[in-house]
Amino acid sequence: MAYAEETLQTYDLLAPTTMADRHALFAKMRSEPGLCRVEPFGAYTAARYEDVAAILKDPQRFSSEALAVITEPPWLGPNPIARSILSMDPPRHPPHRALLSRVFGPAGMARLEARVRMESEALAEAAVRRGEVELVDAFCFVLPRNIIGSMLGLEPSTFLEFKRWAHAMGMVPSATTPEQHAEIRAVVREMKGYLTEVIEARRRRLGEDMVSDLLRAEVDGQKLSDEHILSFLFLLLPAGMETTTQLLGNSALTLAQNSEHLERMRANNAYIARFIEEVLRYDPPVQLGFRIAMQDVELSGTKVPAGSLVLGLVGSANRDERMFEQPDRFLPGRDKGSQHLSFGYGIHFCLGAQLARMEARLGLEALVSRVSGIRLRSPEIQWLPGLMIHGPAELPVELVPV
Ligand code: HEM
């Protein structure tokens, strides 16, 4: 049976009640017979695992060019991220993906491991020595920032604005006020200026970094244009920082709220990888994926007209009771635990997934080997605004040394 447009429930994802308890709303949406409509965008929205996976894995029916619609709203104008690999469909996507895959493949990750370990140890040591710290700034953000910065060959003294930039880019789909719009416009201008200078400097003198690799690379026998490289960097810089920051932040918060996990990690390093996988499922840093219907399609009985914006709620899919037993319980090592959709699904599956997992694993290893407890200094958790990126905005904690 197909559900007609007028029978679909509409939900407001930006309403304060949604933000306060998104899982109650997601559960309600999963229990609807078909898809739902949501504000913002009036998008057709899938909340069940099977439907979210179906949308993410099928570029023939659901195009990633939706990213251009989402990241270039009329109030913003041209945004290079809209032309990045993330918004490409086949046949353009595979050759660009192959190019980047070389860097993110097993050999590239093995080369990076020593660097990630060294950074993790140094940052954990400094944070524990200070005792009382704001952990997002002192650890969760700087670790991935330093790693992506060195992968791109960027000068550490230029990292100052990166946090503001990464936040602003993650806010584009949910920015509503004129102040937020103005801030994001300014950030796009600043990032364009900074990254254009990086490309120009590297063109004058190639090195052993990803920007130089992109300048040397060819796709279908042609060099990439500067505009193209800029769009890659516009994706990679925030993607390399903001998401992994939230994975580390959500992990640290879980450890602070339940010290049993910390003890189990200290007793057995292997528990860390299982714990990280469960944090990814339970609290995915990226909560949604966007697509555009390329033709009239029917999903779970709902007719979606060609050209409609379609949204897959990853945060809901990961808590779907049809897929995961007792989905609202945090159970590292659970059955099907790595089948969450937090890194996407199909051809756009996150290229940085192994890097993110490695940063989280080595970061937590360095931290938990030095502390016997993480105490929150405030019971109130201040979450990041917006619906796209999920994690604590700050984590004032006391680190209790071993
Ligand atoms: C916990 C950390 C991370 C999470 C949760 C995450 C999440 C995601 C998701 C959900 C997608 C697919 C989006 C879609 O299908 O529309 C994606 C794609 C991507 N991610 Fe990540 N990401 C993380 C870390 C990273 C890192 C560290 C990097 C790079 C340094 C990175 C680079 C990319 C790239 C280049 C793509 C596009 C792949 C393609 O279009 O083929 N990500 N990521």
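Just so you know, ligand 1 is whichever comes first in the structure, and atom 1 is the first atom listed for that ligand.
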* Lys/Arg-Asp/Glu bridge criterion (N-O < 4.0 Å) met for E277, R357 -> yes

Return a table of N or O atom pairs, ligand 1 on one side and protein on the other, at distances under 3.5 Å, rounded to 0.1 Å.
residue	atom	partner	partner atom	Å
ligand 1	15 (O)	R291	NH2	2.9
ligand 1	16 (O)	R291	NH1	2.9
ligand 1	40 (O)	H348	ND1	2.6
ligand 1	41 (O)	H93	NE2	2.7
ligand 1	41 (O)	R97	NH1	2.7

* Structure fact -> Residues at least two apart in sequence or cross-chain that pass side chain to side chain donor-acceptor pair (under 3.5 Å) with D296, listed by chain then number, are none

* Asked: What residues form a side-chain contact (heavy atoms from CB on, under 4.5 Å) with L331, not counting sequence neighbours?
  -> E278, Q326, R329, R334

* Structure fact -> With sequence neighbours left out, the residues meeting side chain to side chain donor-acceptor pair (under 3.5 Å) with E183 are R164

* Chi angles and distances behind the ring-ring contact (aromatic ring centres under 6.0 Å, His included) call for F275, Y282 -> CA-CA 10 Å; F275 173 88; Y282 197 81; over 10 Å; no

* Asked: Would you say the side chains of E380 and S378 form a donor-acceptor pair under 3.5 Å?
  -> no

